[in-house]
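Okay, so here's the structure we're looking at.
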There are 2 protein chains.
Amino acid sequence: MIKLEALRVFVTVAESGNIKDAADTVGRTASAVSMTLKQLEDEIGGPLFQTDRKNSLTALGNLMLDLGREQIRSFDKSIGIMRAFAHSRIGSLSIASVPSVATNVLPPILQRFLETRPQVEVELFDIDSAQVRRMVESGVADIGIAGESRAGGGVEFTPLFSDRFKLLCKDDHELCQLERPVEWSDLHGATLIRNGASDRIDAEAYKQLSARSLMTVYNVTSLVALVKAGLGLTILPSLTMHGAHDGVAVLELADAAASRQVGLVERRDVSPSPVAAAFRAFALKEIPALVASRLED
Amino acid sequence: MIKLEALRVFVTVAESGNIKDAADTVGRTASAVSMTLKQLEDEIGGPLFQTDRKNSLTALGNLMLDLGREQIRSFDKSIGIMRAFAHSRIGSLSIASVPSVATNVLPPILQRFLETRPQVEVELFDIDSAQVRRMVESGVADIGIAGESRAGGGVEFTPLFSDRFKLLCKDDHELCQLERPVEWSDLHGATLIRNGASDRIDAEAYKQLSARSLMTVYNVTSLVALVKAGLGLTILPSLTMHGAHDGVAVLELADAAASRQVGLVERRDVSPSPVAAAFRAFALKEIPALVASRLED
DNA sequence: CACCAACTTCAATTCTTCTGAAATTGATAA
DNA sequence: TTATCAATTTCAGAAGAATTGAAGTTGGTG
């Protein structure tokens, strides 16, 4: 059975024009090289060199030099591709994320992740939690970032960080006079504007407030505008409204349970590509740290 | 260093879906296959299968399966081409031959030579001895068949057969009455038609006859027509006029030295392609035998 | 929960390839 | 032509890699 290694030796000898130099190049003794050549000639069925001074090839030798070089080049390239892929230097990565994370967290994370991976292609979808789960489940996205979901389904949830809900109101609102975190009872009689995220709050007091609310707004920018215009107050995860807004105040909630768990959503039973696995590990390590520093401000 | 053999094992396992069957296929034990796979994963830098039941591949495994299959296919094909070439099953063969051999000898020889070599391409030039030598020397022809030449030059001559000169005359010529081989002296006063081949005869008596000749004809068909028309007689190698002609007689010459040596003409110091080498050996063995049987008739 | 089949691990063995010394070869110069 | 010298080949032993069979794990299934 002819081995690629034997072809490597042959090509080196053909290029050197003698066994001694070729032996040095491949790091073997001349006798080892000589024997390899002999075996190669036996197996291929004919002489490769014109004389035993290896400076001129037979027609068969020329053919083997051409074909051999091509095989070596192609083999090494394939191995290179496999290694690059294994080390997640190439490949594609499709991420589905809720908007708050996609906007406030992912940009610097992705930038650092891709710094050493010039050949990785990334797609980033910002959609709501339910859709994130659907995209991951269907395989359209390799990995998702969303709020925790109840039903298991085909996906698995790994927490990244928890994000407390805060109260958003006009800065001349009477609640701003309170020198302490806001209790649910403080909101008695207030006008609540519901939004997509706040439905996750389990507190009974909140549910009652919510039930009496007449308005639901999904777009954060519109929501802030409405609050600023004095139409009511709203409750949002702090990450969602990151960045100060003139004319509105952000107040702490006393209820520590009023928070959402944000985490990775992955398909169960399907092994991720090396890039996805690497991103998973990177995200798990870096996102909590980044969010912690962001929420300090 | 990753070996092609390891890729073969991997591809077999990926295709079998389990180690046991793959081990049977490649003729190894399951443990050998398992170790090869482990080594491959270490060297490539990632897992190839989702679990240790080898029935589903990781993304990396799929990549390796694709690239690996292609490498194996391509390598085996290259080796096949080299072997076919070495065994002269493919390649090209350019032969330059004097017309008598090209017409009377080469057709059946080539037919048999090519029977087991469907992919060999042959070119056959029929030209005179001097040109044969020139074509071989310049490398245009791989091998030549011609009469022996004096000067060595860049070519080498290997005898194949010797071809006696015979006398060709009208069948009612008075020489036909002789019950013995013709002596040079018998030709005293006869009209000789010279031809391209007969100049090779060294006998002094012939040279004198030749010097007095007024006509030289190179084309054998014309030559025979002239003899038949009674314009004179001529002397030709017997192979040249193989096949009977009505109205002309072929007479033996007493001078045993009146013969030409026909043989192979090859370039010195240049190794022949495998096809050429095979044809050389074949010709050396078959042509003398064929000619002997032809000249018996 | 126990069983079974598939897989992995380990140490011993076998097979391959390599090395270093000696012999051979072929070119070059005397 | 012969002497010389470096390259190559040959050979036997050494080193290294792959393989085996037995024992130990593991994961799925009834």
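A note on names: the letters A, B, ... follow the listed sequences, proteins ahead of strands, and every chain is numbered from 1.
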### Task
Starting at atom CE of B/Met35, determine the distance to atom P of C/dA11, rounded to an integer number of angstrom.
10 Å
### Query
Looking at B/Gln39, does any N or O in its side chain come under 4.0 Å of the phosphate oxygens OP1/OP2 on D/dA17?
no
### Query
Is the cationic atom of B/Arg117 (NZ for Lys, CZ for Arg) positioned less than 6.0 Å from the six-membered ring centroid of B/Phe113 and within 45 degrees of its normal?
yes
### Minimum heavy-atom distance between A/Glu266 and A/Ile143, given as atom pair plus value
CG-CG1, 3.8 Å
### Message
Measure CG/B/Asp21 against P/C/dA5 and give the value in whole Å, please.
### Response
14 Å
### Summary
OG (A/Ser273) and CZ (A/Phe85) are apart, to the nearest 0.5 Å, by 5.0 Å
## Note on the structure
Per atom distances to the B/Thr29 side chain, the nearest of C/dT19, D/dG21, C/dC18 is D/dG21
#### Entry: Phosphate OP1/OP2 of D/dG27 contacted by B/Arg53 side-chain N/O (<4.0 Å)
no
### Query
If you check the B/Ala32 side chain, which of D/dC11, D/dT19, D/dT26 turns out closest?
D/dT19
### Query
Should the pair A/Arg267-A/Glu137 be classified as a salt bridge under the 4.0 Å nitrogen-to-oxygen rule?
no
### Message
Just N and O in the side chain of A/Lys38: are any of them under 4.0 Å from OP1 or OP2 of C/dT17?
### Response
no
### Query
Where the side chain of A/Asn18 is concerned, which of D/dT19, D/dT9, D/dT8 is the nearest nucleotide?
D/dT8
### Task
Look at the side-chain N and O atoms of B/Lys3 and state whether any lies under 4.0 Å from the OP1 or OP2 oxygen of D/dA18.
yes
### Task
Would you mind reading off the distance between B/Leu40 atom CG and C/dC7 atom P, rounded to a whole angstrom?
16 Å
### Message
On the nucleotide D/dT9, are OP1 or OP2 found under 4.0 Å from the side-chain N or O atoms that A/Lys20 carries?
### Response
no
#### Entry: Nearest-Å distance for atom pair CG/P, residues A/Leu4 and C/dT16
19 Å
